[in-house]
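Below you'll find the structure, written out as structure tokens, and then a few comments.
Labels below follow one simple rule: chain letters A, B, ... track the order of the sequence lines, proteins then strands, and each chain is numbered from 1. Heavy-atom basis, side chains included; hydrogens, waters and symmetry copies ignored.
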Amino acid sequence: MAVRTRFAPSPTGYLHIGGVRTALFNWLFARKHGGQFILRIDDTDAGRNVESALAPILHGLTWLGIDWDEGPDATGTPNGYFQSQRLEQYQKAVRKLLASGHAYRDYAKTEELQAEREAAEKAKETFVYSRTWMAETDADAARFEAEGRAKVVRLKMPREGKLVLQDHIRGQVEFEWANEQDHVIQRADGTCLYHLANVVDDFDFQISHVIRAEEHLSNTPRQVFILEALGYPRPEYAHLPFVAEPGSKNKLSKRKLDKYLKNKDFAQVNEHGRKIAEAMHLEVAAETFNPVIVDFYEQVGYLPDAIINYLVLLGWSLDDKTETFTRQEMIEHFSLERVNKAPASFDPKKLMSVQDRYMQQLPPKQKVAMVLPYLQRAGLATDPPPCTIGPVLMQIVTAAGDRIKTAGDILDYADFFTADDQLTYDEAAFDKRIRQAPEAKTLLSGFRDALKNVEPFTADVLEKTLHDFIAKEGIAANQIVHALRIAVTGKAVGFGLFDILAILGRERALARLEGALLH
RNA sequence: GGCCCUAUCGUCUAGCGGUUAGGACACCGGCCUUUCACGCCGGCAACACGGGUUCGAUUCCCGUUGGGGUCACCA
């Protein structure tokens with residue numbers, strides 16, 4: 001049997017990290033078995049802004065390299081893979097269910113139903129609808145309608161026996177039919193509900209394996225009832241544990257950002273990204289720009305491979321050792337049987353460390369290409385870029401080494417791209433290392449003079465120059481090194497001092513020293 | 001509350017009857033070093049509890065407790 005899996009997001013306007021994990025597992029499973037991965041849009045009641053609300057989702061999946069074999073195109077133009085376009089199929093299914101007696105017209109009023117519910121609760125019994133307003137014949141229906149009642153269509157669920165489900169992750173799970181309600185499948189206004197639509201779609205698209213979040217496990221009985229009543233084959237099921245909040249077992253939700261920001265690690269990763277976004281003058285609303293949303297990572301300059309690698313480990317593992325996987329390796333090794341049953345909490349710090357590993361592997365040339373747009377967006381480089389920028393960027397990226405953990409980190413070195421007389425200083429550091437350090441200014445000015453004759457102006461020679469200077473002055477390296485760094489970069493931290501000077505070149509280095517002496 | 005799922009270091013996890021319970025992230029020391037980052041070395045740290053089954057349970061079974069999900073004319 002051909003393997004066909006699906007991811008069925010509703011157009012919410014953003015791609016959530018938990019959703020990606022679900023999509024990823026579906027994608028992996030399909031790829032592993034040479035099957036198809038289908039993207040279907042659950043927009044049964046979304047309405048107007050579907051296209052714009054869908055764009056970030058399609059874009060996010062594409063960015064992450066989760067490609068779909070069937071579904072909307074990249075622009076999200078509605079086609080057959082939108083529930084809103086398939087209403088006729090759902091109506092047909094309802095008619096069939098009605099005809100076979102698996103569903104009935106119900107004329108109960110909300111208050112009447114509510115009363116029954118409350119009575120059951122009072123008596124501490126499980127609520128079971130009395131079916132008082134059930135119309136199984138046209139005569140009944142006519143009578144209720146004469147009373148001015150509105151109708152919905154309900155499932156006529158079995159009231160005895162049980163459903164035995166084989167789940168690829170949970171194993172055997174059983175449900176008593178008696179605990180199931182006569183769920184509504186068609187509203188009074190004639191539109192259909194999710195579970196019905198879902199089952200019809202899964203059948204029409206020939207989905208072989210339903211791989212979805214655990215929250216749907218309890219919904220499965222009604223879906224199985226519907227599909228069996230319709231004569232459809234039962235797909236295979238795999239209910240994934242959900243992705244939980246950092247440091248807790250609650251389901252991750254984009255609505256509880258305030259709470260996550262109290263988590264130190266989450267706050268730190270968030271802050272890092274926010275700083276970069278601000279440097280690029282990005283307008284970011286906290287609700288859509290934070291580590292729960294995929295877009296955050298793209299904006300900040302993470303690598304899609306790193307995110308995918310982190311995510312595949314969230315609920316799945318190969319063994320006790322392997323942590324790094326190429327896509328091919330993931331596809332080759334993935335199996336539902338090795339998916340964990342318990343929820344896994346999202347750990348942004350660990351994601352960061354995976355990102356760090358991937359970044360370290362990246363050749364400098366690629367880092368340069370990755371980093372350039374960030375300078376442009378921050379207004380530090382023109383577009384198209386000046387042809388001189390390539391070599392400079394290569395020098396910076398090489399000198400910065402592992403310090404550039406995301407592409408946006410290039411902005412830590414923005415001072416290379418600002419005019420020498422526009423340099424801003426970390427004032428606290430400037431105070432400590434220059435204003436209040438004895439002799440600092442004298443030493444800086446002495447070293448400035450020494451720089452005038454350095455030839456060639458390279459890191460090696462500069463290092464030797466400094467050592468000679470230190471020896472001549474009879475001082476410790478500490479007395480000048482920190483002052484020098486602040487004088488030429490404005491900052492107390494950064495990569496190798498001699499690399500900095502060499503990249504700046506003699507003229508700019510001298511200008512900056514001059515500037516610092518006057519500051 | 002009913003039903004369902006679930007339970008190994010703070011976090012992600014390995015383990016599928018006998019292990020000094022392993023790895024990774026984080027954390028804490030130390031080394032390297034002009035700062036920061038990287039790297040290296042070392043350290044702290046877990047089988048929720050109670051019954052069974054068994055020669056022997058982290059592992060199998062049953063309870064308890066904890067956590068979560070679900071019970072809509074939402075998806």
Phosphate contact ([N] OP1 or OP2) by [X] side-chain N/O below 4.0 Å:
| X | N | value |
| --- | --- | --- |
| S345(A) | C12(B) | yes |
| K341(A) | G67(B) | no |
| R338(A) | G15(B) | yes |

Check: Considering every strand shown, what is the Watson-Crick or G-U wobble mate of A48(B) when both distances are under 3.5 Å?
Finding: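 Pair assignment: A48(B) / U64(B).
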
Check: Using purine N1 to pyrimidine N3 plus N6-O4 or O6-N4 for Watson-Crick, or N1-O2 and O6-N3 for G-U wobble, both under 3.5 Å, which nucleotide pairs with C3(B)?
Finding: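 Result: G69(B).
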
Sugar-phosphate only, base, or nothing, as touched by [X] at under 4.0 Å among non-hydrogen atoms:
| X | result |
| --- | --- |
| A492(A) | base |
| D189(A) | nothing |
| H195(A) | base |
| K405(A) | sugar-phosphate |

Item checked: base_contact_polar (A14(B) base, K321(A) side chain, donor-acceptor, <3.5 Å) ->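 When only heavy-atom distances are counted, K321(A) does not reach the base of A14(B) through any donor-acceptor pair under 3.5 Å.
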
Next item on the list: Apply the test salt bridge (charged side-chain N to carboxylate O under 4.0 Å, His left out) to residues R154(A) and D182(A): give CA-CA distance (whole Å), side-chain angles for both, the deciding distance (0.1 Å), then the verdict.
Entry: CA-CA 6 Å; R154(A) 285 181 188 279; D182(A) 285 359; over 6 Å; no

Next item on the list: May I ask you to say whether D201(A) pairs ionically with R40(A), meaning some side-chain N is under 4.0 Å from a carboxylate O?
Entry: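 Judged by the 4.0 Å cut-off on N to carboxylate O distance, D201(A) and R40(A) do form a salt bridge.
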
